[in-house]
Amino acid sequence: MRPSMIRSVQSALRRASSSRHLLSRAYSANACPERKVAVLGAAGGIGQPLALLMKLNPLVSHLSLYDIAGTPGVAADVSHVNTRSEVKGYMGEDQLGAALEGSDVVVIPAGVPRKPGMTRDDLFNINAGIVKTLCTAIAKYCPNALVNMISNPVNSTVPIAAEVFKKAGTYDEKKLFGVTTLDVVRAKTFYAGKAKVPVSEVDVPVVGGHAGITILPLFSQAKPLGSNLSEDDIKALTKRTQDGGTEVVEAKAGKGSATLSMAYAGSIFADACLKGLNGVPDVVECSFVQSTVTDLPFFASKVRLGKNGVEEILGLGSLSDFEKEGLEKLKPELKASIEKGIKFAHGN
């Protein structure tokens, strides 16, 4: 082969190799785009394990950890984990804006945990103000982010967030979520144990709200079907799902609440939001959102997630008589909690 032909072939191979490299880079970028996730309350009981779980998520490229104190240590610790995301810690109100800027998803576990004897009203009196402050900053620094509200009582804090965003002119009902995933996680676990089926195969929708009787697991729609479960079994499973938080608070004997399982559930929902943003099809999770499924302005049900947040709010489907009764019972309490949040937002 002539030297000129050899040079020509070598040149063609280099161009082909370069093209493959560029295509590979383009595919990688499209398959896993840059995504920043901010965790507000990252030094707390939920925030620390949640920060670790988000560090393990390959969809996260930038992990921003914020709290009023203790965050530099948490960030330094988590940053040593050998996964994709770059970690930065922010501490104090003067660093809140930097923590939020450019965020695609903001997860809010900030606030005080529930202790024995503490009602959700007690929680409200402390956490409502914290949520209002954080959401005011979100409206300013990352108004297009998907907001995942974990801070309790979710039945009131989500309406507070909505009113704050409305006042700021940034409200998009498709981008505000109350994280009720822990109710689903518990319902799946308890159902699998009772029906003696593999928990990995279980799906149980949980609708309504995120406190006590407002939590309504739809065991009649559970998959796989637990044909061996009696009506009394279903009632007991429903009660246990509703009281799951209290079960953990009492088991920890005043030394904590459901922090680890909540962090797990929060990471599951944040992951679903990221998948939706990245265009993964048919991502469906239960969440407490602005809704027309019932006559209440906010309600938890199955939601299809996409590039704009909520793509579709799914209906309740067929309910058993027991579930229909539970739905009517929960409405007054949920309505009162929603109104309490709206009233707080307007009056403070």
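Keep in mind it's a predicted model, so treat the numbers as computed, not measured.
The pair E328-K324 fails the salt-bridge criterion, with no side-chain N (NZ, NE, NH1 or NH2) lying under 4.0 Å from an Asp/Glu carboxylate O. In summary, K167 and E163 do not engage in a salt bridge, as defined by a charged side-chain N under 4.0 Å from a carboxylate O. Taking a cutoff of 4.0 Å between a charged side-chain nitrogen and a carboxylate oxygen, E339 and K343 do not qualify as a salt bridge.
Looking at E325, its side chain never comes within 3.5 Å of a backbone N or O of D321 through a donor-acceptor pair. Put simply, the side chain of E323 gets close to the backbone of S220: a donor and an acceptor are under 3.5 Å apart. In this structure, the side chain of E34 does not engage the main chain of V60 through any donor-acceptor pair within 3.5 Å. Under the 3.5 Å distance criterion, the side-chain polar atoms of D67 are matched with a main-chain donor or acceptor of A43. Side chain of Q242 to backbone of I215: a donor-acceptor contact under 3.5 angstrom is found. A donor-acceptor pair is defined here as one N or O able to donate and one able to accept, closer than 3.5 Å; no such pair exists between the side chain of R304 and the backbone of E311. Remark: the backbone N or O of S85 is paired with a side-chain donor or acceptor of K55 at under 3.5 angstrom. Of the possible donor and acceptor atoms, none in the side chain of E101 sits under 3.5 Å from a partner among the backbone N and O of A98. Here the side chain of S287 pairs no donor or acceptor atom with the backbone of V289 at under 3.5 angstrom. S291 contributes a side-chain N or O that, together with a main-chain N or O of V293, makes up a donor-acceptor pair within less than 3.5 Å.
Linking ILVMFWY residues whenever their side-chain heavy atoms come closer than 4.5 Å, directly or via other members, places Y171 and F288 in the same cluster. Residue V164 is grouped with residue F298 when hydrophobic side chains (ILVMFWY) are merged at heavy-atom distances under 4.5 angstrom, including chains of intermediate members. Both L305 and V280 belong to a single network of hydrophobic side chains, linked directly or stepwise wherever heavy atoms of I, L, V, M, F, W or Y lie under 4.5 Å apart. Criterion: ILVMFWY side-chain heavy atoms under 4.5 Å apart, direct or through other members. Under it, L216 and I213 are not part of a common hydrophobic cluster. Under the 4.5 Å side-chain heavy-atom criterion for Ile, Leu, Val, Met, Phe, Trp and Tyr, V199 and F190 are members of distinct hydrophobic clusters.
By the 4.5 Å heavy-atom criterion applied to side chains, I138 and F165 are counted as neighbours. Contact of the V107 side chain with the V147 side chain is not registered, since no non-hydrogen atoms from C-beta on lie closer than 4.5 Å. Considering only heavy atoms from C-beta on, S301 comes within 4.5 Å of L316 through its side chain. The side-chain heavy atoms of V303 and L314, taken from C-beta on, include no pair separated by under 4.5 Å. Between P205 and K302 there is a side-chain heavy-atom pair separated by less than 4.5 Å. Looking at heavy atoms from C-beta onward, L319 lies in side-chain contact with L327 at the 4.5 angstrom threshold. When side chains are defined from C-beta on, N148 counts as touching C273, because their heavy atoms get closer than 4.5 Å. In this structure the side chain of E201 never reaches within 4.5 angstrom of the side chain of V197, judged on heavy atoms.
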Report task. Might you work through the side chain to side chain contact (heavy atoms under 4.5 Å, CB included) test for L146 and V106, ending with a clear yes or no? Result -> CA-CA 6 Å; L146 304 190; V106 179; over 6 Å; no
Query raised in the report: What do the steps show when you test E285 against T181 for side-chain hydrogen bond (donor to acceptor under 3.5 Å, both in side chains), and what is the final call?
Result: CA-CA 8 Å; E285 292 288 340; T181 315; 5.0 Å; no
Report task. Determine, stepwise, if the pair L274 / V105 fulfils side chain to side chain contact (heavy atoms under 4.5 Å, CB included). Result -> CA-CA 8 Å; L274 290 166; V105 177; 3.9 Å; yes
Report task. Could you give me the CA-CA distance, side-chain angles and deciding distance for I108 and V179, then say whether side chain to side chain contact (heavy atoms under 4.5 Å, CB included) is met? Result -> CA-CA 10 Å; I108 311 179; V179 180; over 6 Å; no
Requested in this report: Applying side chain to side chain contact (heavy atoms under 4.5 Å, CB included), run through E86 and L63 and close with a yes or a no.
Outcome: CA-CA 6 Å; E86 176 187 335; L63 182 59; over 6 Å; no
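Interatomic distance, K335 NZ to D295 CG, rounded to the nearest 0.5 Å: 8.5 Å. Separation of atoms NZ (K188) and OG (S200) is listed at 10.0 Å; rounding is to 0.5 Å. Atom OG1 of residue T259 and atom NZ of residue K252 lie 3.5 Å apart, to the nearest 0.5 angstrom. Note that CZ of F299 is 7.0 Å distant from NZ of K331, once rounded to the nearest 0.5 Å. Note: L65 CG to L40 CG = 10.0 Å, rounded to the nearest 0.5 Å. Going from atom NE2 of H62 over to atom CG of D104 covers 10.5 Å, rounded to the nearest 0.5 Å.
What you find for V185 and A265 is that their closest heavy atoms are CG2-CB, 4.2 Å. Nearest heavy-atom pair across V112 and L123 is O-CD2, 3.3 Å. Closest non-hydrogen pair, I160 versus G341, comes out as CG1-O, 3.2 Å. Annotation for C286 and V184: closest pair CB-CG2, 3.9 Å, computed over non-hydrogen atoms. Across all their heavy atoms, V283 and G276 have their closest contact at CG2-N, 4.3 Å. Residues L50 and P109 come closest through the heavy atom pair CD2-CG, 4.1 Å.
In this structure, a donor-acceptor pair under 3.5 Å is absent between the side chains of D183 and T180. Judged purely by distance below 3.5 Å, without hydrogens or angles, the side chains of R35 and N278 pair a donor atom with an acceptor atom. In this model, no donor atom of one side chain and acceptor atom of the other lie less than 3.5 Å apart for K340 and S156. No side-chain donor-acceptor contact under 3.5 Å links E93 and Y66. For the residue pair T214 and N155, a side-chain donor N or O sits within less than 3.5 Å of a side-chain acceptor on the partner.
Aromatic ring centres of F177 and F269 lie closer together than 6.0 Å. A distance of 6.0 Å or more separates the ring centres of F322 and F219.
Within a 6.0 Å sphere centred on NZ of K166, other residues, nucleotides and ligands contribute more than 12 heavy atoms. For NZ of K36, the number of neighbouring non-hydrogen atoms (other residues, nucleotides, ligands) closer than 6.0 Å is greater than 12. Taking a 6.0 Å sphere around OH of Y141, one finds it holds 12 or fewer heavy atoms contributed by other residues, nucleotides or ligands. The number of heavy-atom neighbours closer than 6.0 Å to CD1 of I68, taken from other residues, nucleotides and ligands shown, is 12 or below.
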